[in-house]
Protein chains: 2
Amino acid sequence: MAVSSRPQRKARDAYHHGNLREALIAQAVQTIRKHGVEGLTLRGAGADLRVSRTALYRHFPDKHALLAAVATEGFRSFRAALLAAWESAGRGREGFAAMGMAYVRFAVINPSHYRVMFGGFLDSAGTESELSVAGAEAFQVLLDAIAEQQAQGLIRAEDPLPLAQYIWAAVHGIAMLVIDGRLQGAQTGEELARFAMARIRTGIDPGA
Amino acid sequence: MAVSSRPQRKARDAYHHGNLREALIAQAVQTIRKHGVEGLTLRGAGADLRVSRTALYRHFPDKHALLAAVATEGFRSFRAALLAAWESAGRGREGFAAMGMAYVRFAVINPSHYRVMFGGFLDSAGTESELSVAGAEAFQVLLDAIAEQQAQGLIRAEDPLPLAQYIWAAVHGIAMLVIDGRLQGAQTGEELARFAMARIRTGIDPGA
DNA sequence: ACCTGAACACCGTTCAAGT
DNA sequence: ACCTGAACACCGTTCAAGT
């Protein structure tokens, strides 16, 4: 009985030692995916990980910190998805459109996670925090893509920051409206993103 | 003492009779403005209105319904603000840009209220609900403005729905990013909205 | 009809105590 | 160091009872 109650050697130590923080984040991501942010409770997370209700206070000061870690993790895979779309579509005009569509696709595939990243649950104030850095690095992918196109004469030469902010806002807005189910027309979110990127392209061409 | 404890004639009846629903919504709007959505509790709202904790269940099935009523009220004044900007700026190209800026201004002035309207707290599923109607009516202002400009040859003739959705998403995205404090550059939200409307204009001109 | 008080089933968080 | 159990101060919601 003593043996059968231990599924793996040192399972107990494995749970409680070192990787509880990571296990907590992974568990939270899964719970949020299945039941939304409001479905995440510290007590439930502790129970899922066979750990005391208060164990996670050793790794996070409070629930907000856990959510911030979840959002940070989200921004990192988000950045990877944007970069992959940009590169695998050959950069340039096509890659840029692909990146816009990948943006919306990420949000549609991970709606709850995306909401944690952008839903205003976090302070997002501490400019030094890991979260802010991860968010800025995702934004940087867009900024770099614009600068590269400007260098190639594909986008008119001007301050890339407001350009990037405008485009970010457009795809972010599409993502949010789609997630909220507020786009009633026939189009999917990705189709609308394609449409938007085409219109944006017309508005930022060098000749325009 | 009996008299001094009654600030107004029939104050008690006034509180509890007929207008409790409206008083509850107004109180919730104020609380949300001051302390955010998470600061709104039914118990606190009841206490503020000198009413029992459970009194409001006579007027709303649950807390979600109260928030939906708050959002509905928000969409109505939102619609009025958009329409006022469109009309007082002389419609056409100028009015359209003014409407975009008014959109972001509303969100900046009423961030918490705006978040309730778009934050995903509500189901927004029931297409028949008052909330959906109020939201659709606000969207309709944008749709009408586009159609009017198309009739005047100011916007290329094509299906106005994706056009409206794209523009809605752009200003919505700006509003959300500004509210979340995620736009670090020098520009204010309204300035970015002006920039965006100019770029959007270039992309939807008949000649483009 | 509308309102009330007590109670239920949850939360996040703290804290003294264990190993 | 890391974890635990009990306790505290909150929630939303229900329900029998009052007028």
Side-chain angles (χ1 to χ4, degrees), chain A residues 2 5-6 8 10-28 31-32 34-71 112 116 119-123, chain B residues 2 5-6 8 10-28 31-32 34-71 112 116 119-123:
Chain A
S5 71
R6 279 187 290 157
Q8 285 189 329
K10 291 197 173 180
R12 191 173 195 280
D13 285 356
Y15 267 119
H16 305 348
H17 210 66
N19 61 354
L20 213 203
R21 187 192 144 91
E22 287 172 33
L24 223 27
I25 295 173
Q27 181 68 33
T31 300
I32 286 168
K34 280 186 195 156
H35 305 103
V37 205
E38 73 281 2
L40 175 69
T41 71
L42 298 188
R43 300 161 103 101
D48 290 341
L49 263 47
R50 318 288 177 137
V51 135
S52 163
R53 258 189 313 281
T54 63
L56 79 177
Y57 283 95
R58 286 295 123 195
H59 300 94
F60 299 99
D62 55 20
K63 191 179 184 179
H64 267 73
L66 211 205
L67 283 176
V70 167
S112 298
V116 173
F121 303 98
L122 299 339
D123 314 346
Chain B
S5 71
R6 280 187 289 157
Q8 286 189 331
K10 292 197 173 181
R12 192 173 192 281
D13 286 356
Y15 267 118
H16 305 348
H17 210 66
N19 60 353
L20 212 206
R21 189 193 144 91
E22 287 172 32
L24 223 25
I25 296 173
Q27 181 67 34
T31 301
I32 286 169
K34 280 187 196 156
H35 305 102
V37 204
E38 73 282 1
L40 176 68
T41 70
L42 298 188
R43 299 162 102 101
D48 290 341
L49 264 47
R50 319 288 177 136
V51 135
S52 165
R53 259 191 310 282
T54 63
L56 79 177
Y57 284 95
R58 288 294 123 196
H59 300 94
F60 299 99
D62 55 20
K63 192 178 183 180
H64 267 72
L66 211 205
L67 283 176
V70 167
S112 297
V116 173
F121 301 99
L122 301 337
D123 316 344

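Hydrogens, waters and symmetry mates play no part in the numbers below; they use all other heavy atoms, side chains included. Numbered from 1 within each chain, the chains take letters A, B, ... in sequence-line order. Computed from a predicted model, the values in this text were never measured in an experiment.
If you measure from atom CD of Glu38(A) to atom C1' of dG12(D), you get 14 Å, rounded to the nearest angstrom. What separates CG of Leu66(A) from C1' of dC11(C) is a distance of 15 Å, to the nearest Å. To the nearest angstrom, P of dC3(C) lies 16 Å from CZ of Arg50(B). As rounded to whole Å, 10 Å separates atom C1' of dC3(D) from atom NE2 of His59(A). The distance between atom NZ of Lys63(A) and atom P of dC11(C), rounded to the nearest whole Å, is 9 Å. In this entry the distance linking CG of Asn19(A) with P of dC2(D) reads 12 Å, nearest Å. The CZ atom of Arg21(A) sits 19 Å away from the P atom of dA1(D) (whole-angstrom rounding). We find that CZ of Arg53(B) is positioned 10 Å from P of dG12(D), with the value rounded to whole Å.
Place Ala55(B) and Tyr57(A) on DNA chain C by their nearest nucleotides, and Ala55(B) ends up nearer the 5' end.
In this structure, Phe60(B) CZ and Ile25(B) CD1 are separated by 4.0 Å, a value rounded to the nearest 0.5 Å. Taken to the nearest 0.5 Å, the CG atom of Leu49(A) stands 5.0 Å off from the CD atom of Gln27(A). Rounded to the nearest 0.5 Å, atoms NZ (Lys34(B)) and OG1 (Thr31(B)) are 7.5 Å apart.
Scored by the side chain to side chain contact (heavy atoms under 4.5 Å, CB included) test, Ala28(A) finds Leu40(A), Leu66(A), Val70(A) as partners (sequence neighbours excluded). Shown here are the side chain to side chain contact (heavy atoms under 4.5 Å, CB included) partners of Ala45(A), two or more places apart in sequence or in another chain: Leu24(A). Evaluation of the side chain to side chain contact (heavy atoms under 4.5 Å, CB included) rule for Arg43(B) yields Thr41(B), Arg53(B) as partners, not counting sequence neighbours.
Looking at heavy atoms from C-beta onward, Leu20(A) lies out of side-chain contact with Leu56(A) at the 4.5 angstrom threshold. Looking at Thr54(A) and Leu42(A), their side chains never come closer than 4.5 Å, going by heavy atoms from C-beta outward.
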I'd like a list of close polar pairs between nucleotides 16-19 of chain D and the protein, N/O only, cut-off under 3.5 Å.
none

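Nearest heavy-atom pair across Ile32(B) and Leu67(B) is CD1-CD2, 4.0 Å. For the pair Ser112(B) and Gly36(B), the tightest heavy-atom approach, listed with the atom from each and the gap, is OG-CA, 3.8 Å. The minimum heavy-atom distance linking Ala55(B) with Val51(B) is given by the pair CB-CG1, 3.0 Å.
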Item to complete: For DNA chain C, just give me the dot-bracket, please: Watson-Crick or G-U, both distances below 3.5 Å, ( ) intra-strand, [ ] crossing earlier pairs, | paired with another strand, . unpaired.
Response: ||.|||||...|||||.||

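Within a heavy-atom distance below 4.0 Å of DNA chain D, no residue of residues 39-46 of chain A is found.
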